[in-house]
Amino acid sequence: DGGITQSPKYLFRKEGQNVTLSCEQNLNHDAMYWYRQDPGQGLRLIYYSQIVNDFQKGDIAEGYSVSREKKESFPLTVTSAQKNPTAFYLCASRMGTGGNSEAFFGQGTRLTVV
Amino acid sequence: AQSVTQPDIHITVSEGASLELRCNYSYGATPYLFWYVQSPGQGLQLLLKYFSGDTLVQGIKGFEAEFKRSQSSFNLRKPSVHWSDAAEYFCAVGPSGSARQLTFGSGTQLTVLP
């Protein structure tokens with residue numbers, strides 16, 4: 001089945017530690033996105049990539065980094081510079097960037113600072 | 001700039017009752033509109049989408065939505081709610097910005113009473 005796989009489902013981070021969230025898709029989609037979800041705030045865009053080897057900052061990129069070395073993969077690293085990383089992280093992909101291209105989402109990763 | 005407003009943070013209905021979730025948008029051109037549903041701890045699933053044509057669109061799980069350009073609204077409806085419909089619902093509009101992303105509302109949490 002085609003879809004987006006995020007791992008792990010739960011992740012715990014110690015203070016000062018970098019952690020990487022995995023996002024893999026087998027939908028052959030060009031565009032991929034990382035969102036952060038906090039209660040009552042909807043989805044906020046962290047980073048996006050419209051093509052391999054290219055990515056751009058979204059609205060809340062500080063303290064995060066990404067790479068896009070393969071079309072299928074778009075990992076997100078939460079660095080120690082992110083002061084409030086506890087949140088639910090969602091990865092999404094779209095076939096293209098046209099308006100009629102819906103977003104498909106992974107099941108999310110819940111990150112908690114311990 | 002585009003935006004989406006979901007005026008109701010939380011709605012409670014009894015099982016079997018009808019449901020209407022409100023969505024108002026601001027968009028500079030003909031919008032592409034989406035409704036997504038999110039169960040606790042899960043990703044977002046597409047319920048329905050509107051691109052053009054008939055302003056009443058049917059989706060999965062018995063949901064429908066009506067696009068009203070004059071009111072800048074895209075309200076989600078269901079004639080008879082089931083307990084399994086309890087979830088959070090997000091309206092989205094797009095694409096926009098350099099990311100050509102979808103802009104999401106802050107969500108409406110639906111509680112279904114037995």
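Here is how names work: the chains are called A, B, and so on, in the same order as the sequence lines, proteins then strands, and each is numbered from 1.
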If hydrophobic clusters are built from ILVMFWY residues whose side chains come within less than 4.5 Å, do Ile46(A) and Phe88(A) share one?
no

Same cluster for Ile11(B) and Leu76(B) if Ile/Leu/Val/Met/Phe/Trp/Tyr side chains link at under 4.5 Å?
yes

Tyr36(B) side chain to Ala103(A) main-chain N or O, any donor-acceptor pair under 3.5 Å?
yes

Side chain, backbone, both or neither of Asp38(A) within contact of chain B (heavy atoms, under 4.5 Å)
neither

Interatomic distance, Phe105(A) atom CZ to Gln38(B) atom CD [nearest 0.5 angstrom]
8.5 Å

Glu102(A) vs Phe34(B), test: side-chain contact (heavy atoms from CB on, under 4.5 Å). Steps then yes/no.
CA-CA 8 Å; Glu102(A) 69 200 61; Phe34(B) 307 82; 3.8 Å; yes

Check whether more than 12 heavy atoms from other residues, nucleotides or ligands sit under 6.0 Å from atom CD1 of Ile60(B), and answer yes or no.
yes

Contact class of Gln6(A) relative to chain B, heavy atoms under 4.5 angstrom:
neither

Are Tyr50(B) and Val4(B) connected, step by step, through hydrophobic side chains (Ile, Leu, Val, Met, Phe, Trp, Tyr) whose heavy atoms are closer than 4.5 Å?
yes

Would you find more than 12 non-hydrogen atoms of other residues, nucleotides or ligands less than 6.0 Å from Ile51(A) atom CD1?
no

Closest non-hydrogen atom pair between Phe90(B) and Gln37(A), with its separation
CZ-NE2, 3.2 Å

Using every non-hydrogen atom in the two residues, find where Leu90(A) and Gly43(B) come nearest and quote the distance to one decimal.
CD2-CA, 3.8 Å

Hey, quick one: are Ile60(A) and Leu21(A) part of the same hydrophobic cluster, counting side-chain heavy atoms closer than 4.5 Å, chains of contacts allowed?
yes

Side-chain heavy atoms under 4.5 angstrom apart, residues restricted to Ile, Leu, Val, Met, Phe, Trp, Tyr: same cluster for Leu102(B) and Tyr33(A)?
yes

Look up atom CZ in Phe104(A) and atom CG in Leu44(B), then write down how far apart they are to the nearest 0.5 Å.
12.5 Å

Testing the basics here: between Lys9(A) and Gly41(B), what is the closest heavy-atom pair and its distance to 0.1 Å?
NZ-O, 3.1 Å

